[in-house]
Protein chains: 2
Amino acid sequence: MLTEVNIMLTERQLLLLQVIIDDFIDTAHPVGSRVLAKKGTIPFSAATIRNEMADLEELGFLEKMHSSSGRIPSEKGYRYYVDHLIKPVSHNMHHGIVSKLVQEGIYEFEQIVQMSAEILSELTSYTAIILGPEIFETQLKQLQIVPLSTETAVAILITNTGHVEHRMISLPEAINASDLEKLVNIINQKLVGIPIVKLQNIFYTEMADIMKRYLDDYEKSLSYLKAIFLTDYPVKVYVSGTSNMLMQPEFNDIDKVRSFYTLMDREEELIKLLKDSTPGIEVTIGNENEVEAIKDFSLITSSLRHEEEQVGTIALLGPKRMEYRKVISLLKGLSNEMTNTLYMWYKDKE
Amino acid sequence: MLTEVNIMLTERQLLLLQVIIDDFIDTAHPVGSRVLAKKGTIPFSAATIRNEMADLEELGFLEKMHSSSGRIPSEKGYRYYVDHLIKPVSHNMHHGIVSKLVQEGIYEFEQIVQMSAEILSELTSYTAIILGPEIFETQLKQLQIVPLSTETAVAILITNTGHVEHRMISLPEAINASDLEKLVNIINQKLVGIPIVKLQNIFYTEMADIMKRYLDDYEKSLSYLKAIFLTDYPVKVYVSGTSNMLMQPEFNDIDKVRSFYTLMDREEELIKLLKDSTPGIEVTIGNENEVEAIKDFSLITSSLRHEEEQVGTIALLGPKRMEYRKVISLLKGLSNEMTNTLYMWYKDKE
DNA sequence: GTTAGCACTCTAACTCCCCGAGTGCTAATT
DNA sequence: AATTAGCACTCGGGGAGTTAGAGTGCTAAC
């Protein structure tokens, strides 16, 4: 596949494509043959460049906005650029974002992800979108139920990754206090280490017997547990740096701004956008994305994993004319750092 | 004060002011004498209306955009409108937002505030800004420390209002497990019911003795506690419905959009905006606000209290041309509902 | 294979002009 | 004395026409 494409492009065309895309990413202006020739990066005349450009357009790598404008990269062009033209930057020159945060005493992983994303969006002027962990895949570490009044209590659920979910529950018919305690004890004895997603099955099978035996009011207890375990713990989405994007020249169009922010307000859409990301860095350009609203954006996602569990996703959303080189290397560096940090923290968790 | 102003305005002027502001709020177009006369709300000719308008302008209640445009309300005009011209709508026609949410099984107060704000912004097409509770004023209900690995643990702090804060702490030098347990027990015996803000003082005075007596390594324990109690639990800010605002005609100006979103991205500014709100509903119009960035917006805040504690703030940010009548009555209704709900939940908390 | 030259194209910005909605003032009316 | 009709004037917005500039494609020459 790769070679197939390479056969079709001469060295000069490759160079040209590279220079054109670099220039357009930089300036957001369609690039014309004259200017390109004057810059001296390409040792040929404007006329020659024009010919090559026409060829590259025919091959689908470049486009014109109108018949007498300069060329801009097509999506196919960007794709080729990302796949073959970006030299893999050594990303051991990472910025130490995470270690800096850890030094500041921040040990909450989700918080680190959030703050990194903020820094990232600041650094790139694009919008960072962060997805919290899929809690259902993590394991129960401990359950606590703390009564607040005779009618309310707060249930706290701690996972092996240090993630904490809490939820208020109502106790309309006052439950026996010792029963509540017993209940919590049973759960912590029997269910620690079980993935959250499997908990509800276990209630109806293995746990039923035990609970019946030890608790005065099995039915009632079960209903409280339902409130805790069977509700959705929705994935959390954080968005940061949307206003940076407004500085991009493509956002002079007010309608684009509107549709952009309408998307940003729709959490479900964002979740859909990031949810099924594969491990590693993934670049999606324009229409490659199935979500209609970002068909003229590019999205770069980095899915953070720890021992096969997805513990978060960081994505950068920007115009198709994105600084892919910079963003990819930044994200790669950050990913590495985070993976290492996670490994250090939880290496002995079991 | 109120009468002083009334003396200066005739009945007709009052009516006129009212109608003009209502109309401008509705249409966003400067209102002219001709149109007003045609509408028939005022039984006078365009010429008479023009004269009155000129007077109202001289008094500072109206403005012109340019010499031959219709009139628009000045900030003084809006202020007068809000203070004297809005008939106190009976807000027992509240929409039951909160009770609806509670029926859906949501008992987390902060979550209710958030969702209400979302509904509110949907209902009004303005932007809702929500401030979480000032945790430092609430009391400690319970502390939990759950070890995750030999080096990390998660500390969970529950307040009497059901608010849960959690924080990862590092345990670089492995602490004696039973010491940790003892520590937690001591805290829960001695410190429950104390306002969070006072905790740090107590550590250095009363707690020191007890801890020295019962714990093997007093110094080390203290350092963990510092990580839990002496760090900031920053007030949380939620913003919802920003994209609604983009539908407002005043947002056709891209620069306004930019400055608006730049503000929305700056959490500290938002906190500053809402933090020192007095109890009840408060309306701030344009330049009345000390934050530069919203000088052509209006802000309506409603501070939610439960037994003197501020447990949250809901604010609606919109153009100066805001539907004050609707928004104020909505917020009043919601406030009442929330106060009642809080009372019911926590009436027996102590 | 490369380049210079030229005719052609299209956009963006600018000017000019006119229309409509509104005002302020004066004189007439009630 | 209050109200109204009439009129001249003002200003912003929108459409038409013009121009300058940057770019292209093609052809012919190097």
Side-chain angles (χ1 to χ4, degrees), chain A residues 8-17 19-21 23-24 26-74 77 249-254, chain B residues 9-17 19-21 23-24 26-74 77 249-250 252-254:
Chain A
M8 300 157 73
L9 292 182
T10 65
E11 273 304 310
R12 194 167 64 187
Q13 283 173 326
L14 284 174
L15 174 63
L16 203 49
L17 188 57
V19 172
I20 290 172
I21 298 186
D23 194 81
F24 185 71
D26 199 37
T27 66
H29 292 302
V31 2
S33 57
R34 223 185 195 86
V35 187
L36 219 48
K38 288 248 172 77
K39 269 176 69 174
T41 351
I42 291 147
F44 295 98
S45 74
T48 311
I49 293 176
R50 271 204 289 284
N51 288 329
E52 294 283 35
M53 278 172 149
D55 290 347
L56 283 169
E57 183 174 358
E58 214 164 320
L59 290 168
F61 294 105
L62 296 180
E63 284 174 353
K64 280 186 289 195
M65 315 217 65
H66 55 86
S67 72
S68 77
S69 81
R71 298 304 203 296
I72 64 173
S74 68
E250 20 270 292
F251 275 85
N252 280 341
D253 179 3
I254 190 89
Chain B
L9 292 183
T10 66
E11 274 304 311
R12 194 165 67 187
Q13 283 173 326
L14 284 174
L15 175 62
L16 203 49
L17 188 57
V19 172
I20 290 172
I21 298 186
D23 195 80
F24 184 71
D26 198 40
T27 66
H29 292 301
V31 2
S33 56
R34 223 186 195 84
V35 189
L36 220 47
K38 289 249 172 78
K39 267 176 69 176
T41 350
I42 291 147
F44 295 97
S45 74
T48 311
I49 294 176
R50 271 204 289 286
N51 287 330
E52 294 284 35
M53 277 173 150
D55 289 346
L56 283 170
E57 183 174 359
E58 215 164 319
L59 290 168
F61 294 104
L62 295 179
E63 284 175 354
K64 279 186 289 195
M65 315 217 65
H66 55 87
S67 72
S68 77
S69 80
R71 298 304 203 296
I72 63 173
S74 68
E250 20 270 292
N252 280 340
D253 179 2
I254 189 89

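In what follows, every chain begins at residue 1, and chains take the letters A, B, ... in the order their sequences are listed. Values below: every heavy atom of this structure, side chains too, minus hydrogens, waters and symmetry copies.
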Undergrad: What verdict does the side chain to side chain contact (heavy atoms under 4.5 Å, CB included) test give for Leu56(B) and Gln13(B), after you've listed the backbone C-alpha separation in whole Å, the side-chain angles of each residue and the deciding distance to 0.1 Å?
TA: CA-CA 7 Å; Leu56(B) 283 170; Gln13(B) 283 173 326; 4.2 Å; yes

Undergrad: Between Ile20(A) (CD1) and dG23(D) (C1'), how many Å, whole number?
TA: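 Ile20(A) atom CD1 is separated from dG23(D) atom C1' by 13 Å.
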
Undergrad: Has Lys64(A) got a side-chain N or O lying under 4.0 Å from the OP1 or OP2 atom of dG25(D)?
TA: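 For dG25(D), OP1/OP2 do have a side-chain N/O of Lys64(A) under 4.0 Å.
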
Undergrad: Roughly how far apart are Thr48(B) OG1 and Ile42(B) CD1, rounded to 0.5 Å?
TA: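 That separation rounds to 10.5 Å.
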
Undergrad: Which heavy atom of Ala46(B) sits nearest to which heavy atom of Ala37(B), and what is that distance?
TA: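 Reported closest heavy-atom pair: N-CB, 3.7 Å.
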
Undergrad: Rounded to whole angstrom units, what separation is found between the NE2 atom of His29(A) and the P atom of dG23(D)?
TA: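 It works out to 10 Å between those atoms.
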
Undergrad: Would you say a side-chain N or O of Ser45(A) is under 4.0 Å from OP1 or OP2 of dT3(C)?
TA: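 Yes, within the criterion.
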
Undergrad: Measure the distance from CZ on Arg50(B) to P on dC7(D) and round it to the nearest whole Å.
TA: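 Going from CZ in Arg50(B) over to P in dC7(D) covers 13 Å.
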
Undergrad: Indicate whether OP1 or OP2 belonging to dT3(D) is found under 4.0 Å from a side-chain N or O atom of Arg12(B).
TA: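 Looking at the OP1 and OP2 atoms of dT3(D), one of them is under 4.0 Å from a side-chain N or O of Arg12(B).
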
Undergrad: For a quick check, tell me whether the side chain of Ser68(A) and the base of dT9(C) share a donor-acceptor pair closer than 3.5 Å.
TA: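 Flag set: donor-acceptor pair detected.
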
Undergrad: Using atom CD1 of Ile72(B) as one end and atom P of dT23(C) as the other, report the distance to the nearest whole Å.
TA: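 So the CD1-P distance, Ile72(B) to dT23(C), works out to 13 Å.
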
Undergrad: At less than 4.0 Å, is any side-chain N or O atom of Ser69(A) found next to OP1 or OP2 of dT24(D)? Yes or no.
TA: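 Checking Ser69(A) against dT24(D): no side-chain N or O falls below 4.0 Å of OP1 or OP2.
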
Undergrad: Over how many whole Å does the gap from Asp55(A) atom CG to dT2(C) atom P extend?
TA: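 After rounding, the gap between these two atoms is 12 Å.
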
Undergrad: Any donor-acceptor pair under 3.5 Å joining the side chain of Arg34(B) to the base of dG22(C)?
TA: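 In this structure, the two groups form no donor-acceptor pair.
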
Undergrad: In whole angstrom, what separates Asn51(A)'s CG from dT24(D)'s P?
TA: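 Rounding to the nearest Å, CG of Asn51(A) and P of dT24(D) are 11 Å apart.
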
Undergrad: So, Ser33(B) side chain and Ile49(B) main chain: donor-acceptor pair closer than 3.5 Å or not?
TA: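 Absent.
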
Undergrad: So that I can tick it off, tell me whether Arg12(A) and Glu52(A) are bridged by a salt bridge, with the cut-off set at under 4.0 angstrom between side-chain N and carboxylate O.
TA: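 So Glu52(A) pairs with Arg12(A) through a salt bridge.
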
Undergrad: Between Glu52(B) and Ser67(B), who's closer to the 5' end of DNA chain D by nearest nucleotide?
TA: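 Comparing both residues, the 5'-ward one is Glu52(B).
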
Undergrad: Across the strands shown, which category fits Met65(A) at heavy-atom distances under 4.0 angstrom: base, sugar-phosphate, nothing?
TA: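 Since no nucleic acid heavy atom lies under 4.0 Å of Met65(A), the category is nothing.
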
Undergrad: Indicate whether OP1 or OP2 belonging to dT3(C) is found under 4.0 Å from a side-chain N or O atom of Thr48(A).
TA: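 Yes, such a contact exists.
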
Undergrad: Given atom CG of Leu36(A) and atom C1' of dT3(C), what is their separation to the nearest angstrom?
TA: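 Atom CG in Leu36(A) sits about 16 Å away from atom C1' in dT3(C).
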
Undergrad: Do the side-chain N or O atoms of Arg71(B) get closer than 4.0 angstrom to the phosphate oxygens (OP1, OP2) of dG24(C)?
TA: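 Yes, Arg71(B) has a side-chain N/O under 4.0 Å of OP1/OP2 on dG24(C).
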
Undergrad: Rounded to the nearest Å, what distance is computed from the CD atom of residue Glu57(A) to the P atom of nucleotide dC26(D)?
TA: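 Rounding to the nearest Å, CD of Glu57(A) and P of dC26(D) are 11 Å apart.
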
